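Have a look at the structure below before the remarks.
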Amino acid sequence: QVQLVESGGGLVQAGGSLRLSCAASGSIFSINGMGWYRQAPGKQRELVADITSGGSTNYADSVKGRFTISRDNAKNTVYLQMNSLKPSDTAVYYCNGKIVSNRNILIVGDYWGQGTQVTVSS
């Protein structure tokens, strides 16, 4: 079984910063892409940023220049550094991993964390 556990959410004033972490654990054979998504009340879940195993990154236009995604492959952990936060960034942030489990190395599974709340006050 594979688990993703997020941490680092909270309440911050506009203009502030937060750093989210997501650690993958369990029966992991390999990890391909990892990413962060968010879902605001009444809205669909959207991609914030993702990163390949080789370190290539992709960002939503709304966060470019403010957020930075990174990963530590040795720790099976992905990070999201969020700077210059805006009230519109308020959402539940979810970690996602494209992970091959030891239980079946022929399939790349799609795993999600439980979500962490980020609230930005104006």
Side-chain angles (χ1 to χ4, degrees):
Q1 193 170 0
V2 174
Q3 302 88 32
L4 297 179
V5 178
E6 300 124 334
S7 60
L11 173 64
V12 65
Q13 288 188 331
S17 299
L18 283 174
R19 189 190 193 212
L20 305 182
S21 300
C22 172
S25 63
S27 301
I28 297 172
F29 178 77
S30 65
I31 301 178
N32 297 346
M34 298 190 78
W36 290 94
Y37 289 71
R38 66 186 181 188
Q39 187 167 19
K43 295 187 176 182
Q44 290 189 331
R45 190 174 297 188
E46 62 176 2
L47 174 69
V48 176
D50 58 21
I51 184 167
T52 68
S53 57
S56 296
T57 59
N58 175 52
Y59 295 92
D61 287 342
S62 59
V63 306
K64 282 181 181 176
R66 300 187 298 122
F67 290 11
T68 302
I69 189 170
S70 61
R71 65 189 283 176
D72 185 332
N73 291 332
K75 295 182 178 180
N76 290 338
T77 299
V78 64
Y79 306 95
L80 185 68
Q81 178 66 43
M82 304 185 292
N83 299 328
S84 302
L85 282 160
K86 305 174 181 180
S88 56
D89 295 316
T90 296
V92 178
Y93 283 69
Y94 296 91
C95 175
N96 174 262
K98 306 294 192 286
I99 298 172
V100 179
S101 169
N102 286 324
R103 299 193 175 196
N104 189 339
I105 63 171
L106 300 180
I107 296 176
V108 180
D110 200 28
Y111 294 89
W112 293 90
Q114 79 285 358
T116 185
Q117 177 70 47
V118 171
T119 302
V120 184
S121 63
S122 56

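Everything numeric in this text was worked out from a predicted model, so none of it was measured.
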Within the side chain of Glu46, is there an N or O that forms a donor-acceptor pair under 3.5 Å with the backbone of Arg38? no
Which pair of heavy atoms, one from Pro87 and one from Ser122, lies closest together, and at what distance? CG-CB, 3.9 Å
Are Phe29 and Ile99 close enough that some pair of their side-chain heavy atoms sits under 4.5 Å apart? no
Less than 4.5 Å apart, any side-chain heavy atom of Val78 and any of Ile31? no
Closest contact, heavy atoms only, Ile69 versus Trp36: CD1-CD1, 3.8 Å
Does the side chain of Tyr79 come within less than 4.5 Å of Asp72's, by heavy atoms? yes
Under the criterion side-chain contact (heavy atoms from CB on, under 4.5 Å), which of Thr68, Val48, Leu47 is the partner of Val63? Val48
Could you tell me whether Asp89 and Lys86 have a side-chain N and a carboxylate O separated by less than 4.0 Å? no
Does Thr90 reach the main-chain N or O of Val120 with its side chain, forming a donor-acceptor pair under 3.5 Å? yes
Could you tell me if the side chain of Phe67 sits less than 4.5 Å from the side chain of Leu85, heavy atoms only? yes
Interatomic spacing from OG in Ser25 to CG in Asn76 - rounded to 0.5 Å: 8.5 Å
Can you name the closest pair of heavy atoms from Asn96 and Leu4 and give their distance? C-CD1, 4.0 Å
Please round to the nearest 0.5 Å and tell me the distance separating atom NZ of Lys98 and atom OG of Ser30. 13.5 Å
Could you pull out the closest heavy-atom pair between Val118 and Gly9, with the gap in Å? CG2-CA, 4.2 Å
When you measure from the side chain of Gln1 to the backbone of Gly26, do you find a donor-acceptor pair of N or O atoms at a distance under 3.5 Å? no
Measure the shortest side-chain to side-chain distance between Met82 and Leu20 over non-hydrogen atoms and say whether it is less than 4.5 angstrom. yes
Taking the side chain as every heavy atom from C-beta outward, state whether Glu6 and Tyr93 have any pair of such atoms under 4.5 Å apart. no
Check whether Ser101 reaches the backbone of Ser27 with its side chain - one donor and one acceptor, N or O, closer than 3.5 Å. yes
Taking atom types as modelled and ignoring hydrogens, do the side chains of Asn83 and Ser17 form a donor-acceptor contact shorter than 3.5 angstrom? yes
